[in-house]
Amino acid sequence: TRHLEIDYLGYIWVSHPQKGIYRLKVNEAKDSIAAIYSYTALKKSLNLTDVYKLNNRVVFSSGKCFFTYDYVNDSIVPFSVLNHALGDYQQSTQIIPYEKNLYWFVNNNKLALFRISIESEPTLLNEYVIADDHMPGQDIAIIPYAGNNFMISNRNGLALLKSNKKNTAEDTTHIFIHSAFFHGKN
């Protein structure tokens, strides 16, 4: 499983990069799976590979646009309100929760922080262009750092995003870490 989300009804949604989306129903005792619903056909037709949650609503990405689950009709449908308002960011490959109602959208070499309202209407708060050929398309970690600045992981280390000025593709920042200490088992 690549991503796992639990919806407001208690269903567990999981995504697999090759097989697609599954919905798992947990039994009353909450100790085992009572039923598995497969949406693997949508992997082939829509390329749905990831599941996220925006304001407690399950969202699926295809890399072209977002979809959501319609509980009344028991089907996965385009998330029209969100897609139209996001513009190019409807093609995002990753959604990263930040704070309450705030989410990062990752679209190729661009990152944007959006506030998502209860009605699923996004408001763009910040946008960054990353001039790093080593930027991964998936599984980016965004770490708050010193005020409103952020560090993001890439294949070669970390990149610093400064919020006090417009980041452009020409901007580069080098971060040097003198040492790192890890504590825990082993």
Of the non-hydrogen atoms in [X] and [Y], which two are nearest, and what is the gap between them?
{"X": "Ile95", "Y": "Pro97", "answer": "O-CD, 3.9 Å"}
{"X": "Asn107", "Y": "Asp88", "answer": "ND2-O, 2.9 Å"}
{"X": "Thr93", "Y": "Asp50", "answer": "O-OD2, 3.8 Å"}
{"X": "Ser61", "Y": "Tyr52", "answer": "OG-CE1, 3.7 Å"}

Is it the case that the side chain of [X] and the backbone of [Y] share a donor-acceptor pair, with hydrogens and angles ignored and the cut-off at 3.5 Å?
{"X": "Asn55", "Y": "Ser117", "answer": "yes"}
{"X": "Ser15", "Y": "His3", "answer": "yes"}
{"X": "Lys53", "Y": "Ile6", "answer": "yes"}
{"X": "Asp70", "Y": "Val72", "answer": "yes"}
{"X": "Thr68", "Y": "Val58", "answer": "yes"}
{"X": "Asn83", "Y": "Phe66", "answer": "yes"}

side-chain contact (heavy atoms from CB on, under 4.5 Å) partner of Ile96, the single match among Leu113, Ile152, Val106: Val106
Could you give the distance from [atom1] ([X]) to [atom2] ([Y]), rounded to the nearest 0.5 Å?
{"X": "Phe114", "Y": "Ser92", "atom1": "CZ", "atom2": "OG", "value": "7.0 Å"}
{"X": "Trp104", "Y": "Leu111", "atom1": "CH2", "atom2": "CG", "value": "6.5 Å"}
{"X": "Arg57", "Y": "Glu5", "atom1": "CZ", "atom2": "CD", "value": "14.5 Å"}
{"X": "Asn101", "Y": "Arg115", "atom1": "CG", "atom2": "CZ", "value": "7.5 Å"}
{"X": "Ile33", "Y": "Arg23", "atom1": "CD1", "atom2": "CZ", "value": "12.0 Å"}

Is there a path of hydrophobic side-chain contacts, each under 4.5 Å between heavy atoms, that joins [X] and [Y]?
{"X": "Leu9", "Y": "Tyr37", "result": "yes"}
{"X": "Phe79", "Y": "Val77", "result": "no"}
{"X": "Val59", "Y": "Ile118", "result": "no"}

Audit row: Ser62, Phe60, side chain to side chain contact (heavy atoms under 4.5 Å, CB included) steps and yes/no: CA-CA 7 Å; Ser62 69; Phe60 310 96; over 6 Å; no
Between Tyr11 and Lys25, does the side chain to side chain contact (heavy atoms under 4.5 Å, CB included) criterion hold? Intermediate values first, please. CA-CA 5 Å; Tyr11 288 105; Lys25 181 179 180 180; 3.8 Å; yes
Tell me if the centroids of the rings in Tyr98 and Phe150 come within less than 6.0 Å of each other.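 Yes - the distance between ring centres of Tyr98 and Phe150 falls below the 6.0 Å cut-off.
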Check: Tyr8 ring centroid to Tyr71 ring centroid under 6.0 Å: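 Close enough - the centres of the two rings lie under 6.0 Å apart.
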Walk me through whether Leu82 and Ile116 qualify under side chain to side chain contact (heavy atoms under 4.5 Å, CB included). CA-CA 9 Å; Leu82 187 65; Ile116 308 294; 4.2 Å; yes
With side chain to side chain contact (heavy atoms under 4.5 Å, CB included) as the test, would you mind laying out the steps for Val51 and Val14 before giving the verdict? CA-CA 7 Å; Val51 59; Val14 295; 5.8 Å; no
Mark yes when over 12 heavy atoms from residues, nucleotides or ligands other than Tyr22 sit less than 6.0 Å from its OH; otherwise mark no. yes
